[in-house]
Amino acid sequence: MAAVAAATRWQLLLVLSAAGLGVTLAPQPPNILLLLMDDMGWGDLGVYGEPSRETPNLDQMAAEGMLFPNFYAANPLCSPSRAALLTGRLPIRTGFYTSNGHARNAYTPQEVVGGIPDSEHLLPELLRTAGYASKIVGKWHLGHRPQFHPLKHGFDEWFGSPNCHFGPYDNKARPNIPVYRDWEMVGRYYEEFPINLRTGEANLTQIYVQEALDFIKGQQAARRPFFLYWAVDATHAPVYASRPFLGSSQRGRYGDAVREIDAGIGRVLRLLQDLGVAENTFVFFTSDNGAALISAPKQGLDLTTAAPGHLPGEPSPGVVNLNLRPDSGWSFISTTVSVPQNSSSPTSDGPGREPGGQTCPEGGSNGPFLCGKQTTFEGGMREPAIAWWPGRIPAGQVSHQLGSIMDLFTTSLSVAGLEPPSDRAIDGLDLLPAMLQGRLMDRPIFYYRGNTLMAVTLGQYKAHFWTWTNSWEEFRQGVDFCPGQNISGVTTHTQEEHTKLPLIFHLGRDPGERYPLSQAMVGAHSPSSGSPQSPSPISQTRRTWGRR
């Protein structure tokens, strides 16, 4: 295997150097830092148009690196998307998927006992062969039984939890979620690691930041390349922030959590610069799925889509509108907004009142996109994404490459000089040509829900083979994954089949998936000989890629 060969070359160089044979050691392989957010939406960053502009460090990261406005999760739920990141494979291949209708192996509530299969090769396992030390900080979400432990799958260190901070539970009937340091359980959420549900106060993000800083310092002192997977969960409901950040944002408790994460990432990037290793560290920021909008009716309007006197989807005063057409670049329009630095004026609903007069304590923003987490519309799977590698990735660039969270697996291996496993299908692409040379590659994006292929994107076109938000039963109980976003024939509460005639949108002109196109507008044509119509590019893609 190429990974073993790479490790052998490194060992040979070390032996020759130690023997005093005058061999100069090759440069240390680049460090790899993947920053994975939890339920953070595409529209949550200032650089993506969030009008309060409360993510200065991430915005600066984008200014010094490369922005990917067309970057996708592999699934609209947490655990399958995380499995895809670490394996480079679609969840349907690993059996790690779930939805309302299907569940197999995907780890969501405590009752599920499955996890990541031993047969899968995870990123830290492969990086270990090239001499990397690997650590996960935060949420694992790929199984809580011993055989699924991160240290059984290539990680050398772990501080965090096997699951999100669900609860609190009655610890007699159902215990709270544990927190681990490596193999040792050091406490539980809501107990040794308190989260105040009333105020939202918790120090977990600060702990996670310090864990990252300490790991980076330790590996740099040891002169060992590192892989750090920083998977914080403060933006997953119930959101939390530490006391200095509570009430500090324009967007309630959720905005407080985003601000604290942004500040933490700023500290990590500054440490890389202070240690002189920034130019030898590949950093990528993204999220596991779109923002959860299920409780949005209680939380207020989304600033990126509505303001007083304006309908959702209509441009609003002071809102940053993004032009996503690939032929016109990346432009900000109507960016003037007048807001105080700290909107902590007291209200009956808590701090952070929105312009519309409603609070938004736990809701993220999916920008102009339809719906959110748990759906295969753009709001459920299109994610914020920033690549940063000073001196290697050109600063201030925007790539319109279609990207996937699975690409982080293949790209990270490429950064380390390794090849992906050849004994299985790998769905992730190597994005280094797009990052370093500006090359664009044609590729589809698949939108799965459970084991059903719901939609596929190729270029600017997206074809829905099925449309579905959630069931009528859930909807009547107040569960709504697309609050305030009713698109006739698109946002449906029964699973609508379009496999014979896909429902097609042009995402460049209609990123909100509001205006379906006719088949004639997407390339299908009738030859002059009178032969049957040629299939559309989307139909061809579904046939060819579906057999991989």
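Values below: all heavy atoms of this structure, side chains included; hydrogens, waters and symmetry mates excluded. We're numbering straight along the sequence, starting at 1.
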key: Polar side-chain atom of Thr55 near backbone of Leu45 as donor-acceptor pair, under 3.5 Å   = no
ask   = Who are the salt bridge (Lys or Arg N to Asp or Glu O under 4.0 Å) partners of Lys135, not counting sequence neighbours?
value = Glu157, Glu211
key: Over-ring placement of Arg181 relative to Trp158, 6.0 Å and 45° cut-offs   = no
inquiry  = With heavy-atom distances below 4.5 Å as the criterion, would you say the side chains of Trp389 and Leu432 are in contact?
reply    = yes
inquiry  = If you define the side chain from C-beta out and look only at heavy atoms, does anything of Arg251 sit under 4.5 Å from Val258?
reply    = yes
Pairwise side-chain contact, Leu36 with Tyr229, heavy-atom cut-off 4.5 Å (strictly under) = yes
ask   = Does a salt bridge link Lys373 with Asp39, judged by any charged N lying under 4.0 Å from a carboxylate O?
value = yes
task = State, with a plain yes or no, whether a side-chain heavy atom of Lys139 is found less than 4.5 Å away from one of Val232.
result = no
key: Glu260 side chain to Ser242 side chain, donor-acceptor N/O pair below 3.5 angstrom   = yes
query = Any donor and acceptor pair, going by atom type alone, linking the side chain of His493 with main-chain N or O of Glu474 inside 3.5 Å?
reply = no
query = What is the distance from atom CZ of Phe369 to atom CZ of Phe377, rounded to the nearest 0.5 Å?
reply = 14.5 Å
query = Going by heavy atoms in the side chains, are Ile265 and Phe285 under 4.5 Å from each other?
reply = yes
remark   = What one should report as the nearest heavy-atom pair of Asn57 and Arg270 is OD1-NH1, 3.4 Å
query = Taking Ser161 for the side chain and Pro178 for the main chain, is one N or O donor matched with an acceptor at less than 3.5 Å?
reply = yes
task = State, to 0.1 Å, how close Leu197 and Pro238 come at their nearest heavy-atom pair, and which atoms those are.
result = CD2-CG, 3.6 Å
query = With distance as the sole test, does Glu64 use its side chain to make a donor-acceptor pair with the main-chain N or O of Met61 at under 3.5 Å?
reply = no
query = Can you name the closest pair of heavy atoms from Phe193 and Gly187 and give their distance?
reply = CE1-CA, 3.9 Å
Ring geometry between Phe71 and Phe284 (parallel below 30°, tilted from 30 to 60°, perpendicular above 60°) = tilted
query = Taking atom CG of Asp38 and atom OG1 of Thr235, what is their separation to the nearest 0.5 Å?
reply = 5.5 Å
N/O donor-acceptor pair under 3.5 Å between Arg449 side chain and Gln374 backbone = yes
query = Nearest 0.5 Å, what's the CG-OG1 distance between Asp430 and Thr411?
reply = 5.0 Å
request  = Determine the minimum heavy-atom distance between Ser134 and Phe215, stating which atoms define it.
outcome  = C-CZ, 4.1 Å
message = Salt bridge or not between Asp256 and Arg243? Use side-chain N to carboxylate O under 4.0 Å.
response = no
query = Can Arg53 and Asp59 be counted as an ion pair, charged N to O under 4.0 angstrom?
reply = no
ask   = Can you tell me how far the OH atom of Tyr72 sits from the CH2 atom of Trp42, to the nearest 0.5 Å?
value = 10.0 Å
task = Output yes when a side-chain donor or acceptor of Ser412 lies under 3.5 Å from a complementary backbone atom of Leu408, and no otherwise.
result = yes
Among Asn196, Asp233, Asn203, side-chain hydrogen bond (donor to acceptor under 3.5 Å, both in side chains) partner for Tyr240 = Asp233
query = Step by step, would you call Glu54 with Asp262 a side chain to side chain contact (heavy atoms under 4.5 Å, CB included)?
reply = CA-CA 8 Å; Glu54 293 178 334; Asp262 176 82; over 6 Å; no
request  = Assess the pair Phe475 and Trp472: is the distance between their ring centroids shorter than 6.0 Å?
outcome  = yes
request  = Would you mind reporting whether Gln210 and Arg267 have side-chain heavy atoms less than 4.5 Å apart?
outcome  = yes
inquiry  = I'd like to know if the side chain of Ser52 reaches the main chain of Gln250, judged simply by a donor and an acceptor atom lying under 3.5 Å from each other, with no hydrogens or angles considered.
reply    = no
task = Using a 4.5 Å cut-off on heavy atoms from C-beta on, say whether the side chain of Phe96 contacts that of Leu142.
result = yes
key: Carboxylate-amine/guanidinium contact Asp118 Lys152, below 4.0 Å   = no
request  = Inspect the contact between Arg392 and Glu279 and indicate whether a charged nitrogen and a carboxylate oxygen are less than 4.0 angstrom apart.
outcome  = no
query = Leu275 and Ile216: side chain to side chain contact (heavy atoms under 4.5 Å, CB included), yes or no, with the steps?
reply = CA-CA 9 Å; Leu275 293 176; Ile216 292 170; 3.9 Å; yes
request  = Verify the distance criterion only: is there a donor paired with an acceptor across the side chains of Tyr190 and Asn171 at less than 3.5 Å?
outcome  = no
message = Return the SG to CE distance between Cys371 and Met381, rounded to the nearest 0.5 Å.
response = 13.5 Å
request  = In a single word, yes or no, tell whether Cys78 and Cys164 have an SG-SG distance below 2.5 angstrom.
outcome  = no
Interatomic spacing from CZ in Phe409 to OG in Ser414 - rounded to 0.5 Å = 12.0 Å
ask   = What's the shortest heavy-atom distance between Pro162 and His144, and which atoms?
value = CB-CB, 3.8 Å
task = Could you tell me whether a side-chain N or O of Asp44 sits under 3.5 Å from a main-chain N or O of Gly41, the two making a donor and an acceptor?
result = yes
query = Is any side-chain N of the basic residue among Asp288 and Arg82 closer than 4.0 Å to the acidic one's carboxylate O?
reply = yes
key: Side-chain heavy-atom pair Asp156, Leu151 within 4.5 angstrom cut-off   = no
key: Side-chain donor or acceptor of His141 paired with backbone N/O of Asn163 under 3.5 Å   = no
request  = Verify, without hydrogens or angle tests, whether Arg188 (side chain) and Asn176 (backbone) share a donor-acceptor contact under 3.5 angstrom.
outcome  = yes
request  = Please confirm whether His236 and Phe166 have ring centers closer than 6.0 angstrom.
outcome  = yes
task = Go through the side-chain N and O atoms of Glu378 and Tyr447 and say whether any donor and acceptor fall under 3.5 Å apart.
result = yes
